[in-house]
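Have a look at the structure below before the remarks.
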Amino acid sequence: MIVKDIRTMKTLLIAVAALAALPAAGAMAGDDCHVGHEAWQPREAVMQAATGLGWHVEKIEADDGCWEVKGRDAQGRRIKAKLDPATLQVVKLRHRDGQQIPERDRGNAPTVAPSAPPSNPLFQNGTPPVVRVN
């Protein structure tokens with residue numbers, strides 16, 4: 001009798017632990033941006049930021065706690081970008097070429113295209129240095 005009760009108790013403890021972990025897993029898989037709604041920039045500011053990046057905007061919506069912009073970039077490629085709602089910095093950017101193969105860029109996307117490289121001896125003839133990894 002005691003063995004059966006210990007097994008039942010272990011099963012019950014495992015079930016309780018699994019149920020307790022579910023809300024935490026849901027929170028981790030949630031929003032890409034964590035900004036309160038009072039700090040969000042308006043939709044018009046998102047449109048200005050996107051057009052400032054050279055994008056032709058087709059759709060703007062809120063998704064995963066971020067502003068999501070769908071449209072085309074300056075080269076005509078389809079894009080899907082997520083912008084931080086407070087700073088309007090690019091959080092995620094996906095390009096799609098004519099074959100619909102996505103390229104992802106998380107957090108490395110430029111916010112504005114640089115007009116000229118900084119004056120630095122590493123830059124020659126206005127081009128950035130070439131980096132090689134051995």
Side-chain angles (χ1 to χ4, degrees):
M1 241 5 203
I2 294 175
V3 173
K4 185 176 181 183
D5 290 334
I6 291 174
R7 286 184 188 163
T8 304
M9 201 159 85
K10 283 183 180 180
T11 305
L12 181 62
L13 286 174
I14 291 171
V16 168
L19 289 174
L22 284 177
M28 291 173 62
D31 296 347
D32 292 320
C33 301
H34 305 283
V35 177
H37 284 286
E38 67 280 352
W40 280 47
Q41 297 275 346
R43 188 179 300 267
E44 294 78 24
V46 177
M47 178 65 102
Q48 287 178 345
T51 54
L53 291 169
W55 298 346
H56 172 72
V57 177
E58 297 170 0
K59 185 177 185 180
I60 297 174
E61 63 184 358
D63 183 43
D64 291 336
C66 302
W67 280 118
E68 182 178 88
V69 177
K70 293 180 182 178
R72 295 190 178 272
D73 66 5
Q75 291 78 33
R77 296 180 296 183
R78 297 198 60 70
I79 61 165
K80 179 178 176 183
K82 289 193 177 184
L83 279 63
D84 182 281
T87 64
L88 300 181
Q89 299 290 317
V90 177
V91 176
K92 288 184 185 178
L93 175 63
R94 185 182 349 177
H95 290 143
R96 296 180 183 261
D97 63 9
Q99 299 173 351
Q100 299 296 316
I101 300 171
E103 298 174 26
R104 294 196 82 141
D105 182 6
R106 293 178 178 252
N108 304 0
T111 55
V112 291
S115 57
S119 61
N120 187 321
L122 293 175
F123 295 94
Q124 298 174 350
N125 300 328
T127 59
V130 176
V131 178
R132 293 187 184 125
V133 178
N134 294 329

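Computed from a predicted model, the values in this text were never measured in an experiment.
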Report the C-alpha separation of Glu61 and Lys70 in whole Å, then their side-chain angles, then the decisive distance to 0.1 Å, and conclude whether the side chain to side chain contact (heavy atoms under 4.5 Å, CB included) test is met.
CA-CA 9 Å; Glu61 63 184 358; Lys70 293 180 182 178; 4.1 Å; yes
Residue pair Pro85 / Gly65: nearest heavy atoms and the distance that separates them
CG-O, 3.4 Å
If the threshold is 4.0 Å, N to carboxylate O, is there a salt bridge linking Arg78 and Glu58?
yes
Mind listing the side-chain donor-acceptor pairs of residues 41-51 below 3.5 Å, one per line with the distance, residues two or more places apart or on another chain?
unit_1, atom_1, unit_2, atom_2, d
Gln41, NE2, Ala86, O, 3.1
Arg43, NH1, Ile60, O, 2.5
Thr51, OG1, Met47, O, 3.0
Thr51, OG1, Gln48, O, 3.0

Is the closest side-chain heavy-atom distance between Arg72 and Arg77 below 4.5 Å?
no
Heavy-atom closest pair, residues Leu88 and Trp67
CD2-CD1, 4.2 Å
NZ (Lys80) and CG (Asp63) are apart, to the nearest 0.5 Å, by 6.5 Å
Work out which heavy atom in Cys33 is nearest to a heavy atom in Leu83; give both atom names and the distance.
SG-O, 4.0 Å
Please tell me if the side chains of Lys59 and Val69 come closer than 4.5 Å, counting only heavy atoms from C-beta onward.
no
Against Leu53, only a single residue in Asp73, Val90, Leu93 fulfils side chain to side chain contact (heavy atoms under 4.5 Å, CB included); can you say which?
Val90
